[in-house]
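Heads up: the structure comes next, in structure tokens.
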Number of protein chains: 2
Amino acid sequence: MKENTRDKFIETASNLFGKKGYNATGLNEILAESGAPKGSLYYHFPKGKEQLALEALILAGNKITQSITSHIENIDNPIEAIIYNIENIADIIDKEHKTRDITISLIALETYLSSETLRKACEDLYQSLENIYADKLMKAGMSPEEAHEIGEVICAMMEGAITLSLTRQNGNPLRLIAKQIPNIVKI
Amino acid sequence: MKENTRDKFIETASNLFGKKGYNATGLNEILAESGAPKGSLYYHFPKGKEQLALEALILAGNKITQSITSHIENIDNPIEAIIYNIENIADIIDKEHKTRDITISLIALETYLSSETLRKACEDLYQSLENIYADKLMKAGMSPEEAHEIGEVICAMMEGAITLSLTRQNGNPLRLIAKQIPNIVKI
DNA sequence: GTCTATAAGCAGATAGAC
DNA sequence: GTCTATCTGCTTATAGAC
């Protein structure tokens, strides 16, 4: 288990960064929750907080893309599939009132001006989300060009509706955009 | 000019909080840019950073609502008006690559778990934005119930598309949602 | 109302023993 | 690879002179 300590750091950091944000999460907090000392963290991540955040972001991104994929893969009709995915997130926010591997908007907005590394990682992840929706639409016969445009629109709608839902402490904004999916996806 | 120093604090804080976020902006930075000493800040804002942020958020909210209102008030057709407003923001992001009184999503996501005061202020501001769009739609004959639903959808789409545009460093995500406004606003 | 000085604590990062 | 101790600088906040 050579990578066990390292993985524990990444998982703890991913949870804390995702919940509280990059700037509000101190290294000491990550250390305390990981149960490891500071020297160990800088051995595994010589470039410090930014490097740890990059790996944490990649882990969170994998969980988000996997969650979306698993929700839409068993429903052939892309409209029904995407609505099902949105309503699932709305239910989570109703229950938990916080994010756990749901959105990276907080990290994106915190870092787009201060860290080119993290900004680029967020940009890449948004592209991955767009591609998931685009692939689903293309499988239903939509042209690649239109599918990518609509995929990006869905990605934007979801990020904004998640932000509103978290602020309002309920999933209703997400349910309202779900109602609009049939108006946007013309297959 | 009794309130001059106080107003200067609020304006400086609003700019810095809006650009870098709540947690990344130190009081010392606000002090340096305001050109006033620390004691003066705590005289005007006895409750410290959170109180200053609340007033800064209200100022930013007023500027945002005023900007949207001024962009849509001279165009009768709500679809054209809203598209015009979105494309205006897209142009700003193309030029400046950052936010100045465009969105409060960063503050909302940073504070919804840590400050009930600031969370509520963000919730209220989102409600104001929704109302602006709803009013415009009702004037074009839409029912109040539907107008508020569509207003909230537009608000969510815009916040998400702004986040994507800032991350991608260009306004194209905003332009893609502008193309979808006619599919969502049925008048 | 304005300003200086400073407190008390936490931030990210490093050096070096083991 | 792991851990302790520590450095420097910044954070929010306060006390008290003017």
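Every chain is numbered from 1, with letters handed out A, B, ... down the list of sequences.
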Task: Validation row: B/K63, B/Q66 side chains within 4.5 angstrom (heavy atoms) - done: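 The answer is no; the side chains never approach within 4.5 Å.
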
Task: Side chain to side chain, B/T25 and B/K19, heavy atoms closer than 4.5 Å - done: no

Open item on the list: By the 4.0 Å heavy-atom rule, please label A/G26 as base, sugar-phosphate, or nothing.
Closed with: sugar-phosphate

- [ ] Identify whether any heavy atom of B/G48 sits under 4.0 Å from a base atom; if not, whether one sits that close to sugar-phosphate; answer base, sugar-phosphate or nothing.
- [x] sugar-phosphate

Is there a side-chain polar atom (N or O) of [X] under 4.0 Å from OP1 or OP2 of [N]?
| X | N | result |
| --- | --- | --- |
| B/N28 | D/dT11 | yes |
| B/T5 | C/dG1 | no |
| B/Y43 | C/dT2 | no |

- [ ] May I have all residue pairs that pass ring pair (Phe, Tyr, Trp, His ring centres under 6.0 Å) and include part of residues 125-151 of chain A, sequence neighbours excluded?
- [x]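 Non-adjacent pairs meeting ring pair (Phe, Tyr, Trp, His ring centres under 6.0 Å): zero.
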
Open item on the list: Take a 6.0 Å sphere around CD of A/E123 and say whether it holds more than 12 heavy atoms from other residues, nucleotides or ligands.
Closed with: yes

Rounded to whole Å, please give me the gap between [atom1] in [X] and [atom2] in [N].
| X | N | atom1 | atom2 | value |
| --- | --- | --- | --- | --- |
| B/L41 | C/dC3 | CG | P | 12 Å |
| A/F45 | D/dG1 | CZ | P | 12 Å |
| B/L31 | D/dA13 | CG | P | 12 Å |
| B/I30 | D/dC10 | CD1 | C1' | 14 Å |
| A/L27 | C/dT14 | CG | P | 11 Å |
| B/K8 | C/dG1 | NZ | C1' | 19 Å |
| A/E29 | C/dG9 | CD | P | 18 Å |
| A/L52 | C/dG12 | CG | C1' | 12 Å |

As a test of reading the structure: which of [options] is closest to the side chain of [X], going by heavy atoms?
| X | options | answer |
| --- | --- | --- |
| B/K38 | C/dA5, D/dG1, D/dA5 | C/dA5 |
| B/H44 | C/dT2, D/dC3, C/dG12 | C/dT2 |
| B/K49 | C/dT14, D/dT2, D/dT12 | D/dT12 |
| A/Y42 | D/dG1, D/dA13, C/dG12 | C/dG12 |

TODO: Return the orientation label for the A/F17 and A/Y22 ring planes: parallel under 30°, perpendicular over 60°, tilted otherwise.
DONE: tilted

Task: Most 5' of A/T25 and B/A36 on DNA chain C, judged by nearest nucleotide - done: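 First, find each residue's nearest nucleotide; the 5'-ward one identifies B/A36.
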
